[in-house]
Amino acid sequence: MATGQLFSRTTQALFYNYKQLPIQRMLDFDFLCGRETPSVAGIITPGAEGFQKLFFGQEEIAIPVHSAVEAACAAHPTADVFINFASFRSAAASSMAALKQPTIRVVAIIAEGVPESDTKQLIAYAKANNKVVIGPATVGGIQAGAFKIGDTAGTIDNIIQCKLYRPGSVGFVSKSGGMSNEMYNTIARVTDGIYEGIAIGGDVFPGSTLSDHILRFNNIPQVKMMVVLGELGGRDEYSLVEALKQGKVNKPVVAWVSGTCARLFKSEVQFGHAGAKSGGEMESAQAKNEALRDAGAIVPTSFEELEIAIKETFEKLVEDGKTTPVKEITPPQIPEDLSIAIKSGKVRAPTHIVSTISDDRGEEPCYAGVPMSSIVEQGYGVGDVISLLWFKRSLPRYCTHFIEICVMLCADHGPCVSGAHNTIVTARAGKDLVSSLVSGLLTIGPRFGGAIDDAARYFKDAYDKGLTPYEFVESMKKKGIRVPGIGHRIKRGDNRDKRVELLQLYARTNFPSVKYMEYAVEVETYTLSKANNLVMNVDGAIGSLFLDLLAGSGMFSKTEIDEIVEIGYLNGLFVLARSIGLIGHTFDQKRLKQPLYRHPWEDVLYTK
Amino acid sequence: MARKKIREYDSKRLLKEHFKRLAGSELALKSAQVTESTDFNELANKEPWLSSSKLVVKPDMLFGKRGKSGLVALNLDLAQVASFVKERLGKEVEMGGCKGPITTFIVEPFIPHDEEFYLNIVSERLGCSISFSECGGIDIEENWDKVKTVFIPTRTTFSADLCAPLVATLPLEIKEKIEDFIKVVYSIFLDLDFTFLEMNPFALVDGKPYPLDMRGELDDTATFKNFKKWGNLEFPMPFGRVMSPAESFIHGLDEKTSASLKFTVLNPKGRIWTMVAGGGASVIYADTVGDLGYASELGNYAEYSGAPNEQEVLQYARVVIDCATAEPDDKKRALVIGGGIANFTDVAATFSGIIRALREKEEKLKAAKMHIYVRRGGPNYQLGLAKMRSLGEEIGIPLEVFGPEATMTGICKQAIDCITASA
């Protein structure tokens with residue numbers, strides 16, 4: 001274990017396994033201390049690269065992200081502290097990788113539950129290579145006014161309260177991370193504050209021990225006294241007893257070992273920390289307190305008295321002129337995070353997105369206020385889900401069933417239509433599912449599939465204006481617009497489209513009113529009189545019947561109906577339906593392992 | 001979680017299974033486990049040696065000195081074993097000041113032997129120490145001066161040189177065998193994340209080492225690496241630690257969450273109860289009540305940490321309050337809801353679970369004349385403390401609230417003053 005100071009105001013760390021909050025807390029601490037450089041030089045997240053945006057005071061900075069320990073160390077050769085936020089499963093391997101880097105001097109391991117045998121490997125390697133391991137199972141440590149590991153010392157308010165933004169003259173070491181924060185507060189109350197504080201962690205074998213740090217503190221001139229908070233279990237405190245007895249420590253040490261309550265337990269008890277286990281008499285808090293007292297440490301009679309012992313020890317140092325008063329400074333104000341300020345009601349901020357159809361914040365997602373469980377339990381179908389998410393209301397079953405029929409009828413129309421063709425060509429070019437799907441969807445528009453909306457718009461306009469079919473068709477002809485929803489490539493007046501017949505039959509049986517459809521049929525009767533192929537096609541049938549659904553269900557206002565027709569809901573129905581077919585074509589081509597499609601020369605007219 | 005004792009049966013099972021894997025040779029070890037649910041006929045079918053050899057039976061309950069306590073029976077047949085077990089199963093015994101029922105036995109072939117060797121491996125900070133003696137058995141402590149110990153530093157191979165001091169005095173014909181055995185056992189120790197292993201004694205049967213008695217401890221944090229190697233393994237409670245339904249409920253909660261939830265009743269009739277955040281702080285609160293001379297009134301030890309969610313805190317707090325308010329006796333009681341200054345746990349969030357529980361249990365708290373003392377700091381503590389204060393006013397229970405300006409354990413003193421003040 002090394003001799004003196006581990007950190008300074010220029011120490012930089014690499015942070016393993018990105019966690020936004022602890023890093024931001026480190027950077028806030030840096031700003032509070034007036035550091036010129038952020039204390040986190042780089043972040044390592046396996047499998048990720050790039051930058052993470054964080055605040056350094058008021059400014060946003062980009063901290064580089066590396067995918068491997070080696071790469072990060074090579075990129076930041078001056079960063080000599082490695083802060084490891086890996087899980088207990090991977091903490092040991094990543095810590096060993098860090099210890100093996102020549103640039104890394106100190107490794108702090110946060111995870112609780114690192115196997116003992118793994119930690120022992122780290123201890124042995126660190127010992128042989130003169131490196132320092134802090135943890136596992138720790139919050140880390142802090143050098144006041146200089147450098148802080150992760151979440152140590154908690155909130156900014158607490159750091160200011162404990163005057164950790166400037167160095168005091170007390171060196172502190174404990175096992176417990178939670179208690180270290182409590183003690184920073186206590187020490188700030190009765191002395192000039194912490195110079196450096198380390199939590200070694202609650203494991204049976206911490207990477208560095210209480211005495212390792214006390215001996216180190218003893219070599220730091222600015223540290224005038226030391227405070228130790230030990231715990232029952234293990235024999236770590238005895239190495240401190242030895243050091244005291246051998247006269248290796250020449251500054252006052254105030255110590256307390258917690259766990260005097262263990263004798264109250266009849267059988268063996270495991271307390272909160274892995275190392276805190278009532279074992280033999282030697283490992284008891286009483287025996288350790290006794291041994292420390294005998295070796296010359298200042299040991300109070302209870303934890304309650306610890307504060308007084310620290311106070312008296314410090315006052316004596318002041319009396320003896322062994323400490324110089326600390327120059328008090330006012331730390332700068334840290335800008336508050338928006339989320340915290342909003343939570344506390346101090347500020348308000350406008351939102352940037354509005355959503356009204358679904359909500360995923362509660363116990364289960366809701367579609368238009370209907371929780372997922374009722375959707376499933378009440379046996380809703382896809383049509384009901386469409387009505388919730390598109391129309392924001394539960395439509396009657398005959399309506400949602402109609403929607404489902406439309407989806408089924410429009411799901412596919414063979415491989416030759418332009419959408420399917422594009423999808424097939426794309427799939428055969430080796431593209432993924434989404435690319436193949438969208439290349440087909442991109443053909444949907446005024447000439448392919450887009451006629452439902454137009455049919456609905458024109459039929460609605462003509463019917464609402466009271467135009468006779470003759471007036472309607474002829475006015476369209478004058479404008480040079482073909483009547484959408486009328487006309488078929490193959491079907492004829494004596495050979496109607498089966499899909500149209502099915503839709504009309506369903507609507508006649510189930511809809512309260514089919515006035516728009518009847519109007520469309522009158523239009524068809526007129527157009528058929530002009531040419532035998534001007535039959536109502538599936539677009540015309542869906543378009544007109546949807547108008548009947550909207551008007552006849554009594555669940556939509558006139559304005560709502562106009563809006564639905566206007567913003568292209570019905571086209572949405574076609575896009576949704578046809579996606580089913582296009583996905584099918586993609587899978588089909590991939591399953592058939594079809595090679596790249598190339599259009600034959602013979603099929604192209606090359607001309608000038 | 002940490003070092004956990006395992007049953008002798010499991011120690012031997014692991015040794016046998018992995019001896020074969022790591023040494024390539026079979027260890028002639030045989031043992032069977034007997035519990036309340038054991039059907040002896042079925043067991044005898046599975047382990048035919050039970051019917052063909054003379055047997056040894058002893059409790060497998062994580063306590064030692066069984067021979068000296070008359071709990072080991074030698075040279076029995078299976079029927080005698082069954083009746084030995086029947087007489088003792090579920091019966092309470094007292095060992096080293098701990099009382100508890102015997103629930104598990106281990107049955108093995110009876111092995112007549114001459115020499116008894118001692119082997120012990122302990123994981124230490126910088127390596128492992130291995131102790132060996134030619135004078136093992138129940139008198140090992142009397143013969144402690146004959147035990148030889150070597151230390152194998154971490155990342156060092158256990159060479160013949162390192163082993164030499166252990167086996168130096170052994171007769172040549174067995175020296176190599178025992179040295180090889182110790183080496184294999186050591187490699188199993190490392191490979192399976194043992195932290196402690198003891199054979200006292202092992203004998204030589206047909207010239208091969210044969211452990212007669214064995215104790216083991218595994219590092220349960222290594223479960224994620226070893227679940228295949230360990231197989232179906234149970235970490236029994238320490239002997240004498242019988243959990244009350246409330247304690248088992250919390251133990252169950254603790255096993256299911258990544259947070260830590262601990263609860264031990266010390267004195268069901270105690271009048272000071274604690275519910276403390278943090279592994280370090282919880283011990284200090286219990287200490288303080290004891291150090292101030294009121295250990296006898298301390299109802300429990302309770303710790304929650306590692307950011308349990310509101311639902312977990314709620315369930316946890318309900319149990320603590322139920323135990324604290326059981327058997328009202330018209331005398332004042334105190335509930336200490338304590339904690340240090342949290343580093344990153346959101347105090348308001350954890351408190352909302354406690355507050356819900358306190359509100360639910362209002363009647364019980366009043367019936368038990370409960371006074372509540374709260375002390376906590378950390379992220380969002382102002383909000384958490386304010387909510388506590390308004391709860392006190394709302395349900396009309398005496399409730400005092402302190403933040404980081406007060407000492408951590410000051411409320412222990414107040415709790416004691418409360419219960420000792422004349423009612």
Side-chain angles (χ1 to χ4, degrees), chain A residues 21-22 88-89 112-118 120-121 123-125 127-128 139 151-155 158 161 174-179 181-182 184-186 202-205 209 229 231-232 258-261 264-277 285 301-304 307 344, chain B residues 1-3 97-98 100 123-127 153-155 190 193 195 219 221-222 224-225 237-241 260 262 264 266 277-284 286-292 295 298 301 303 305-306 339-344 377-380 383 404 407-410 412-413:
Chain A
L21 263 181
F88 65 92
R89 289 183 181 80
E112 182 171 351
V114 176
E116 190 179 304
S117 57
D118 291 347
K120 283 170 67 176
Q121 294 288 322
I123 292 171
Y125 188 88
K127 190 169 186 267
V139 71
D151 290 314
T152 303
T155 58
N158 189 61
Q161 182 79 33
S174 75
K175 287 195 180 171
S176 161
M179 281 311 297
N181 204 19
E182 182 67 34
Y184 298 155
N185 191 38
T186 305
D203 273 358
V204 179
F205 298 137
T209 64
L229 185 62
E231 213 170 65
L232 80 159
S258 73
T260 55
C261 65
L264 305 176
F265 295 82
K266 284 173 205 85
S267 69
E268 195 179 85
V269 170
Q270 177 74 59
F271 291 102
H273 291 151
K277 188 172 187 173
T301 52
S302 71
F303 178 78
E304 270 287 278
E307 181 166 344
S344 64
Chain B
M1 306 299 139
R3 298 173 160 200
C98 293
S123 168
E124 292 177 20
R125 185 177 156 75
L126 299 177
T154 311
R155 297 172 78 85
L190 295 183
D193 282 277
T195 55
D219 174 12
T221 59
F224 73 92
K225 297 196 285 186
M237 304 297 296
F239 177 70
R241 175 112 161 74
S260 166
K262 304 269 185 294
T264 308
L266 297 169
S282 58
V283 175
I284 293 178
D287 284 357
T288 304
V289 174
D291 293 339
L292 292 173
L298 186 60
Y301 167 76
E303 181 249 355
S305 64
I341 302 167
N343 287 303
F344 49 84
N380 225 355
L383 181 62
T407 66
M408 187 179 89
T409 46
C412 294
K413 177 91 175 53

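On a predicted model such as this, the values are computed, not experimentally measured, just so you know. When reading the values below, keep in mind they use all heavy atoms of this one structure, side chains included, and skip hydrogens, waters and symmetry mates. Throughout, a chain's letter reflects where its sequence line sits, starting with A, and its residues are numbered from 1.
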Among B:G410, B:G377, B:G339, B:G290, the residue with the most heavy-atom pairs under 4.5 Å to chain A is B:G410
Looking at chain A, which one of B:D193, B:L126, B:L298, B:I341 has the largest number of heavy-atom pairs inside 4.5 Å, strictly under? B:I341
Under 4.5 Å from any heavy atom of chain B - which part of A:N181: both
Is A:Y184 close to chain B through its backbone or its side chain, or both, or neither, when contacts mean heavy atoms under 4.5 Å? neither
Just verifying a value: how many Å separate B:T154 OG1 and A:Y125 OH, rounded to the nearest 0.5 Å? 14.5 Å
Pick one of side chain, backbone, both or neither for B:F344, based on which atoms fall under 4.5 Å of a heavy atom in chain A. both
Distance only, no hydrogens: is a donor on one side chain within 3.5 Å (strictly under) of an acceptor on the other, for B:T264 and B:K262? no
State plainly whether the residues A:E116 and B:R3 are in salt-bridge range, i.e. N to O under 4.0 Å. yes
Are any of the side-chain heavy atoms of A:F303 and A:S258 separated by less than 4.5 Å? no
Which atoms of B:L292 are under 4.5 Å from chain A, going by heavy atoms: the side chain, the backbone, both sets, or neither? neither
Counting heavy-atom pairs under 4.5 Å to chain A, which of B:M237, B:E124, B:K413 comes out on top? B:E124
Side-chain contact test, heavy atoms from C-beta onward, threshold under 4.5 Å: evaluate it for A:Q121 versus B:R155 and give yes or no. yes
Interface moiety of B:S305 toward chain A, non-hydrogen atoms closer than 4.5 Å: neither
Run the salt-bridge test on B:K225 and A:D118 with the 4.0 Å N-O cut-off and return the result as yes or no. yes
Do the side-chain N and O atoms of B:D291 and A:T260 include a donor-acceptor pair separated by under 3.5 angstrom? yes
Whatever's closer than 4.5 Å to a heavy atom in chain B on A:L21 counts as neither
Heavy-atom proximity to chain A below 4.5 Å, by part of B:D287: both
So what's closer than 4.5 Å to chain B heavy atoms on A:E307: side chain, backbone, both or neither? side chain
Is it the backbone or the side chain of A:S174 that comes under 4.5 Å from a heavy atom of chain B, or both, or neither? neither
Does a side-chain heavy-atom distance below 4.5 Å link A:F205 with A:K120? yes
Applying a strict 4.5 Å limit to non-hydrogen atoms, the region of B:A342 in contact with chain A is backbone
Does one side chain, of A:E231 or A:S176, offer a donor that lies under 3.5 Å from an acceptor on the other? no
A:S302 portion near chain B, given a 4.5 angstrom heavy-atom threshold: both
